[in-house]
Amino acid sequence: MYEKLDNPVYHSLNEYHKKFCLNFGDTKFYNPEIASFGGSLEVSKEKDIIEYSKICNDFLIFGAKPDLVNFKTEPSLLICDQYILENPVQMDITEEIIELKEENQEELLAFVMKFYPYYFKVRTPELGRYFGIFKEGKLIAVTGERMQMNDMTEVSAVITDTDHLGKGLAKQLVTFVSGKIFEDGKTPFLHVAESNTGAKKLYEKLGFMHRGTINLWGVKR
């Protein structure tokens with residue numbers, strides 16, 4: 001089952017997220033209004049990437065480095081560590097965590113875009129559920145679901161407002177969201193930049209197991 005995580009974009013778009021899929025040859029891409037990711041079981045072909053680039057300026061290709069000769073710049077490499085969680089986290093949740101609904105979407109978008117503008121689009125929340133913690137009516141921490149296969153769901157957008165760091169909010173949100181994924185009968189997984197040692201330590205303390213690294217290639221038209 002975990003072999004599908006070698007290219008989670010391709011398999012998500014081939015399964016649970018099929019309705020968001022745009023097929024360009026051998027490469028499957030998310031609708032750019034939803035997310036700017038693509039992936040192929042083989043090396044993504046330049047002609048497929050060129051076609052997608054006509055509707056999306058900047059995006060990430062999961063997997064092997066594409067051979068691009070007609071782009072002005074070489075694709076840039078982002079290495080991420082991939083983690084899976086095989087058992088629910090045993091941790092008390094003391095904060096009130098609420099599912100963010102349509103009336104929260106504007107605030108959610110503004111909050112996440114402050115930290116990860118490249119990876120979050122206006123319609124990204126359609127990929128899954130998002131949950132948040134509020135203080136004095138203000139959203140201060142979020143976590144949600146992004147790529148989804150039939151049997152695995154990615155934990156994503158683990159963000160805490162800088163004024164509320166060190167209070168364990170991210171731990172509680174990841175515990176809560178991964179618990180919801182287990183309730184769905186799925187396995188949680190996530191990606192974190194290789195250089196983000198603080199986040200990796202947090203996930204490992206919660207029981208996430210390091211599966212390996214995965215390459216993401218940034219492509220600009």
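One is the number of the first residue; the rest follow in order along the sequence. Given the structure is predicted, the values throughout are model-derived calculations rather than measurements.
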Asks: Checking Thr94 against Gln172: is there a side-chain donor and acceptor pair closer than 3.5 Å?
Replies: yes

Asks: In terms of heavy-atom contacts, does NZ of Lys186 have more than 12 from other residues, nucleotides or ligands at under 6.0 Å?
Replies: yes

Asks: Where is the tightest heavy-atom contact between Asn14 and Lys28, given as atom of each residue plus distance?
Replies: OD1-CE, 3.6 Å

Asks: Can you name the nearest heavy-atom pair linking Tyr203 to Val192, along with the distance?
Replies: CE1-CB, 4.1 Å

Asks: Can you check whether Leu139's main-chain N or O pairs, donor with acceptor, with Glu107's side chain at less than 3.5 Å?
Replies: yes

Asks: Once you round to the nearest 0.5 Å, how far does CD of Glu106 lie from CG of Leu100?
Replies: 13.5 Å

Asks: Of all heavy-atom pairs between Thr27 and Asp48, which one has the smallest distance, and what is that distance?
Replies: OG1-OD2, 3.8 Å

Asks: Return the OG1 to CG distance between Thr175 and Leu206, rounded to the nearest 0.5 Å.
Replies: 5.0 Å

Asks: Quick check: does any side chain N or O of Glu51 sit under 3.5 Å from a backbone N or O of Lys47, one acting as donor and the other as acceptor?
Replies: no

Asks: Is it true that His191 and Glu154 share a donor-acceptor pair across their side chains at a distance under 3.5 Å?
Replies: yes

Asks: Determine, step by step, whether Glu126 and Arg123 satisfy the salt bridge (Lys or Arg N to Asp or Glu O under 4.0 Å) criterion, reporting the C-alpha distance in whole Å, the side-chain angles of both residues, the deciding distance to 0.1 Å, and the verdict.
Replies: CA-CA 6 Å; Glu126 295 180 28; Arg123 293 178 57 195; 2.8 Å; yes

Asks: With a 3.5 Å cut-off and no angle check, do the side chains of Glu145 and Thr153 form a donor-acceptor pair?
Replies: no

Asks: Is there a donor-acceptor pair under 3.5 Å between the side chain of Arg211 and the backbone N or O of Tyr2?
Replies: yes

Asks: Is there a donor-acceptor pair closer than 3.5 Å between any side-chain N or O of Tyr83 and the backbone N or O of Gly212?
Replies: no

Asks: Measure the spacing between CD of Glu183 and NZ of Lys180 and express it to the nearest 0.5 Å.
Replies: 5.0 Å

Asks: Run Phe120 and Phe111 through ring pair (Phe, Tyr, Trp, His ring centres under 6.0 Å) and show every step you take.
Replies: CA-CA 10 Å; Phe120 210 80; Phe111 184 81; over 10 Å; no

Asks: Are Phe29 and Met149 connected, step by step, through hydrophobic side chains (Ile, Leu, Val, Met, Phe, Trp, Tyr) whose heavy atoms are closer than 4.5 Å?
Replies: no

Asks: Ignoring hydrogens and angles, tell me if any N or O in the side chain of Trp217 forms a donor-acceptor pair with the backbone of Pro66 under 3.5 Å.
Replies: no

Asks: Could you check whether Lys114 makes a cation-pi contact with Tyr116, meaning its NZ or CZ is under 6.0 Å from the centre of the six-membered ring and within 45° of the ring axis?
Replies: no

Asks: What's the separation between atom NZ in Lys171 and atom CD1 in Ile93, rounded to the nearest 0.5 Å?
Replies: 13.0 Å

Asks: Just checking, any donor-acceptor pair under 3.5 angstrom between side chains of Glu15 and Tyr10?
Replies: no

Asks: Got a donor-acceptor contact below 3.5 angstrom from the Asp26 side chain to the Ser40 backbone?
Replies: no

Asks: Hey, is the main chain of Lys101 close enough, under 3.5 Å, to the side chain of Asn104 for a donor-acceptor pair?
Replies: yes

Asks: Is the distance between the ring centroids of Phe59 and Phe37 under 6.0 Å?
Replies: no

Asks: What verdict does the side chain to side chain contact (heavy atoms under 4.5 Å, CB included) test give for Asn215 and Leu77, after you've listed the backbone C-alpha separation in whole Å, the side-chain angles of each residue and the deciding distance to 0.1 Å?
Replies: CA-CA 7 Å; Asn215 292 341; Leu77 175 63; 3.7 Å; yes

Asks: Once rounded to the nearest 0.5 Å, what's the spacing between atom CZ of Phe176 and atom CD of Glu95?
Replies: 12.5 Å

Asks: Can you measure from OG1 (Thr143) to CG (Leu173) and round to the nearest 0.5 angstrom?
Replies: 4.0 Å

Asks: Please check: side-chain N/O of Ser36 versus main-chain N/O of Pro32, any donor-acceptor pairing under 3.5 Å?
Replies: no

Asks: Around atom OH of Tyr16, are there more than 12 heavy atoms of other residues, nucleotides or ligands at under 6.0 Å?
Replies: no

